**Q** 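Here it is, the structure, as structure tokens.
These figures come from a predicted structure and were not determined experimentally. The chains referred to below are lettered A, B, ... by the order of the sequence lines, with proteins before strands, and numbering in each begins at 1.
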Amino acid sequence: MKKLINSPENVVLESITGLGAAFSELIKIHTNPNYITRADAPVENKVALVSGGGSGHEPMHGGFVGRGMLDAACPGAVFTSPTPDQMFEATKAVNGGKGVLHIVKNYTGDVLNFEMAADLARAEGIEVEAVVIDDDVAVKDSLWTAGRRGVGTTVLAEKICGAAAEAGHSLKEVAALCQNVNKNGRSMGMALTSCIVPHAGKPTFDLPEDEMEIGIGIHGEPGRTRTKLKSADEITEVLLQPIVEDLPYKSGDEVLLFVNSMGGTPLLELFVVYGKAHEILTRQGIKVTRSLVGPYITSLEMAGASITLLKLDDEMTKLWDAPVLTPALRWGV
Amino acid sequence: MKKLINSPENVVLESITGLGAAFSELIKIHTNPNYITRADAPVENKVALVSGGGSGHEPMHGGFVGRGMLDAACPGAVFTSPTPDQMFEATKAVNGGKGVLHIVKNYTGDVLNFEMAADLARAEGIEVEAVVIDDDVAVKDSLWTAGRRGVGTTVLAEKICGAAAEAGHSLKEVAALCQNVNKNGRSMGMALTSCIVPHAGKPTFDLPEDEMEIGIGIHGEPGRTRTKLKSADEITEVLLQPIVEDLPYKSGDEVLLFVNSMGGTPLLELFVVYGKAHEILTRQGIKVTRSLVGPYITSLEMAGASITLLKLDDEMTKLWDAPVLTPALRWGV
Amino acid sequence: MSNISSSQIFTWIERYAAQIAEQKDYLTQLDAAIGDGDHGANMHRGLQAILVKKADLQNTDIGALLKGVAMTLISTVGGASGALYGTFFLQASTLAGGKTELSPREFGSLLEKGLAGIVLRGKAAVGDKTMIDALQPGIKAYKDSIESGETMEQALSKAVSAADVGLSSTTPLIARKGRASYLGERSAGHPDPGASSTVLLFRSAAETLC
Amino acid sequence: MSNISSSQIFTWIERYAAQIAEQKDYLTQLDAAIGDGDHGANMHRGLQAILVKKADLQNTDIGALLKGVAMTLISTVGGASGALYGTFFLQASTLAGGKTELSPREFGSLLEKGLAGIVLRGKAAVGDKTMIDALQPGIKAYKDSIESGETMEQALSKAVSAADVGLSSTTPLIARKGRASYLGERSAGHPDPGASSTVLLFRSAAETLC
Ligand SMILES: Nc1ncnc2c1ncn2[C@@H]1O[C@H](COP(=O)(O)OP(=O)(O)O)[C@@H](O)[C@H]1O
Ligand SMILES: Nc1ncnc2c1ncn2[C@@H]1O[C@H](COP(=O)(O)OP(=O)(O)O)[C@@H](O)[C@H]1O
Ligand SMILES: [Mg+2]
Ligand SMILES: [Mg+2]
Ligand SMILES: [Mg+2]
Ligand SMILES: [Mg+2]
């Protein structure tokens, strides 16, 4: 296993320690239980945003803690949802008296552990709302299943809701906005290679040299289908079409186009995908008015990409453009 | 070869087209010959900065074009220096009447092609200065060789000199500053895996599962030595020690610590290295006052990392903090 | 029929920890096929954390012991299994407050209470390809056996068998809950990792509680 | 001894393009060992670009032809070799302005002028493990042969042999110029890719210019 780590047991703690050292002006690392808060937390009279999930998706979520985005992030073990005590402590630490929003990706583990944390926090009199992000069109939605996974839209929701909280919106409003972002966001991803979970020490799945996985999640889990390798243009089509059809996104819509690297795919390639996606959408009359391109919600060193579309309204666009000052997203300030 | 591309021939053009579509407010793509300029180029009465090099190092250099950094970038074929006509056209396009600085990484191809371009530009009456960056301590310096490679310090020089140009410094001043940044910057890199050059279709070198290359450059070239895989802490020591000893950096020095991913190494791991490097320097009394962590000067999908130290003075620190608005670096604006 | 002492309960958990340690890679392998390849590591982390607290957990009543087990699992395992196994022991503990021994029948009620907690949290039913597919038939077999006057040994042996059958029944199923559900039809043909770790829970009980 | 016509010069370049196309992967392999694995692709890109301009380049004097070759290499190859081979042909072209044929001796002067251009740009000398190690002895052998009254065929055949010996001489060397120099002692034991493409330049000349 070729990794720049010391041991699978210590990688998460050592990594967030490094993150904290690099960005000590923006964030503060708390350990035992592990969570990351804004350096200036709690911010009085602001709705606080807490997210979290398994590690291995960096910069999400720790890299999104800071002004205009998250107040706290709770990193679990690699690909394993964090435990309730992490979210409970984080929630208490960032509560500024206006309530706390939990932004939860729809995985059974994340949902259950966040629920338990919210119960604990409410028992201490903290107002907590939770919004579950479930935007992955690769997974067929149904009342009878765990439903869709939460993927790329999470990043956008954290940015947009973080700006709303900064602007003084109430907990109910920020939660409703988060629901609305989730309702208007759709994603799909693919993998060229598997990743290696440090504890496992070998690839989660074997993928022959001429095949790829379509419809993968962000935990190294296999996708919906395995197909022969295709060109970047074809892959972009394969990812984009189910997304566009699902909402559906229509001619005249304004969208944010988010092309994400799963970690191992370099920018050179990512911008080829972005260019093609932009071209396809433009041809369909869908206007790309905002973009995000890069490794933002990753799967360790997995090679592959995901595409997220978010249908924007004026409010969301304004909130997207609002200042943000975090380790991984920085603008306007 | 598992890549999100359509063909090795088209990957660079398609990628910069995507880059241009994603950041049309900041940059403009010119083709035939290929170069990327600030959207508002030429900026009158400002020294213009032009850099360039082989592609495959993204976000460098195209991602660094914009306010407060480069005026133009010239992308060559993957790992192949651009041709003089690219730099010549770019130089003409961004010249705002105050002269143009060429920031050149020390590779024979880059140096020769930039020289030819400068000759052409000077023949048209444009004042051109060139500064060659050669900061790689893995390469023994000597009058009789091609000298050290230009690596991580290039990114820092482009940022700092871009800010100086923005602040109205003259061409002579910006060139002298660039020399000074180069004089105070040192780097060293290592690889866990080889990368695959699209045209070649297979790894540039074979690296057994339990070995790594120390002292690699950014073109998939083998390093100085091949050793058994070590822990992240040990690798950090192996990279940092020759850097610190070379300048040397001394107790009391203020430095910028830049920990760079070669592309395939995810942030989870990179921050482990950053944390260790920060700890080692702090123990030696070297004060890390600024940081940069992430994939900024890469080698396609190569797994590995490099460390760059830059000894800061007050002016450099101020210029580092100055606003920058490019696809890949954005702050203060 | 003799009662179950609190020290036996701890021995049960200790045996479970040993079995998980032994099967860790196998459980992870099962989870890699249809999940995210961490079930073995998750469970192992939690149970090792319990062993560290041995001194505290051994010298207390069954309610406090089970609550300690629950809280440790909840705060160290993470993932779906941490919340669910944690809830199982937490709910079970509520019926054992202050008790230092349990009758076989009481033990059955604890298991049922734990199961109800998992169902409430996870909203899965038999057939969804989860730990429930082993846990529910295992508990039912235990209770039926005790009700019909059989020994603890017989009851736990029947529980193991029923859980095992439940585990096997998950193989052809298409998952409807948990991470495996994202795979849709590709989840069929693999046993459920959580059901597999549940079988070990019964097996370690059979080896320690009679 | 007959003169070299401008159409022969183009045929030379065409043959060179064909040989590069054929040896592309081999050259790249040499460059992967001690450089960055692009020398074959670089040269191939440039020579294919020249072929595209065939119509223009064929109907012109030797000076313009060589200048066209030079400019195309310079603007399509990139890397060290683009600048250096480009400079070679550019400098050579300065001695052939308006000419439609060259005597063998004039041709030798062109080659020498080209070599001087490369040396001026690249500052390498024989022994630095670069194309110079093949180019310089090749040109010297050619000139010596012509001076001593031998035929074009003999002169070019000697040039090929001398260049080949030069190429072989690069194998044990530690590189002092170009990318291979970064490898230090690890560069020893591999032939230089640029010296290898230079041998092909002589070989294609031998096949087309006599
Ligand atoms: N809703 C649910 N109800 C009951 N058990 C579940 C549910 N979701 C998942 N599980 C169980 O959890 C197991 C997976 O646990 P684990 O791999 O540790 O967590 P995660 O899925 O978060 O990675 C599954 O094999 C399944 O038995
Ligand atoms: N300073 C120099 N003088 C002469 N030839 C050189 C010099 N530097 C490099 N070369 C030649 O260039 C060849 C490499 O060309 P190529 O691989 O196309 O360019 P790059 O090194 O930029 O990737 C080397 O094998 C060597 O023969
Ligand atoms: Mg998990
Ligand atoms: Mg090259
Ligand atoms: Mg799992
Ligand atoms: Mg080369």
Side-chain angles (χ1 to χ4, degrees), chain B residues 8-9 32-33 52-54 56 74 76-86 88 106-117 136 138-140 142-149 194-205 215-226 299, chain D residues 24-25 27-29 31-46 48-49 70-87 90 118 120-125 127-131 174-187 190 194:
Chain B
E9 290 71 33
N32 207 354
C74 303
V78 172
F79 291 169
T80 301
S81 79
T83 56
D85 49 328
Q86 295 177 258
F88 177 44
N106 189 32
Y107 301 96
T108 306
D110 292 64
V111 170
L112 298 183
N113 285 288
F114 264 99
E115 269 176 12
M116 293 169 86
D136 188 346
V139 177
K140 294 227 166 55
S142 145
L143 271 181
W144 307 103
T145 67
R148 288 177 160 173
R149 294 176 288 224
S194 171
C195 56
I196 298 179
V197 178
H199 260 106
K202 53 177 201 224
T204 307
F205 52 85
I216 48 120
I218 55 171
H219 298 88
E221 63 268 51
R224 294 284 295 200
T225 46
R226 183 171 286 201
S299 235
Chain D
K24 174 164 67 88
D25 293 343
L27 292 171
T28 287
Q29 210 176 300
D31 196 32
I34 57 169
D36 58 350
D38 61 359
H39 187 57
N42 289 348
M43 297 298 291
H44 183 61
R45 184 170 55 244
Q48 292 303 308
M71 295 315 290
T72 308
L73 291 180
I74 288 171
S75 67
T76 59
V77 175
S81 54
L84 294 171
Y85 277 114
T87 298
L90 194 61
I118 292 189
L120 200 70
R121 274 251 165 255
K123 317 228 162 28
D128 285 350
K129 196 175 183 123
T130 70
M131 53 175 73
I174 295 176
R176 278 193 299 250
K177 293 285 173 192
R179 237 173 245 291
S181 68
Y182 307 138
L183 282 180
E185 300 186 349
R186 279 178 92 181
S187 67
H190 303 270

**Q** Checking B/Phe79 against chain D: side chain, backbone, both or neither under 4.5 Å from a heavy atom?
**A** both
**Q** Which bit of D/Thr76 comes within less than 4.5 Å of chain B, counting heavy atoms only: side chain, backbone, both or neither?
**A** backbone
**Q** Between OG1 of D/Thr28 and NZ of B/Lys202, what distance do you get to the nearest 0.5 Å?
**A** 9.0 Å
**Q** Could you look at B/Thr225 and say if it's the side chain, the backbone, both or neither that has a heavy atom under 4.5 Å from chain D?
**A** backbone
**Q** Quick one: pull up OG1 in B/Thr83 and CE in D/Met71 and give me the separation to the nearest 0.5 Å.
**A** 10.0 Å
**Q** Check each atom of D/Arg121 against the heavy atoms of chain B and say whether the ones under 4.5 Å are side chain, backbone, both or neither.
**A** both
**Q** Could you pull out the closest heavy-atom pair between D/Ala80 and B/Thr108, with the gap in Å?
**A** CB-CG2, 3.9 Å
**Q** Taking every non-hydrogen pair under 4.5 Å, which of B/Asp136, B/Val78, B/Val111, B/Val139 racks up the most with chain D?
**A** B/Val139
**Q** Considering only heavy atoms and a distance below 4.5 Å, find which of B/Gly54, B/Gly223, B/Gly76, B/Gly217 pairs most often with chain D.
**A** B/Gly223
**Q** For residues B/Asn113 and D/Gly79, report the shortest heavy-atom separation together with the two atoms involved.
**A** ND2-O, 2.9 Å
**Q** Do you know the tightest heavy-atom contact between B/Tyr107 and D/Arg179?
**A** CD2-NH1, 3.6 Å
**Q** Working to the nearest 0.5 angstrom, can you tell me the gap between B/Asp85 CG and D/Ile74 CD1?
**A** 9.0 Å
**Q** Would you compute the distance between atom CD1 of B/Ile216 and atom CG of D/Leu183 and round it to the nearest 0.5 angstrom?
**A** 12.0 Å
**Q** Identify which part of D/Ala125 has an atom lying under 4.5 Å from any heavy atom of chain B, answering side chain, backbone, both or neither.
**A** neither
**Q** For the candidates D/Gln29, D/Arg45, D/Lys24, which exhibits the highest count of non-hydrogen atom pairs separated by less than 4.5 Å from chain B?
**A** D/Arg45
**Q** What part of B/Pro82 gets closer than 4.5 Å to chain D, counting heavy atoms only: side chain, backbone, both or neither?
**A** backbone
**Q** Please rank D/Ala175, D/Ser75, D/Ala41 by heavy-atom pairs under 4.5 Å with chain B and give me the top one.
**A** D/Ser75
**Q** State, with a plain yes or no, whether a side-chain heavy atom of B/Met116 is found less than 4.5 Å away from one of D/Thr87.
**A** yes
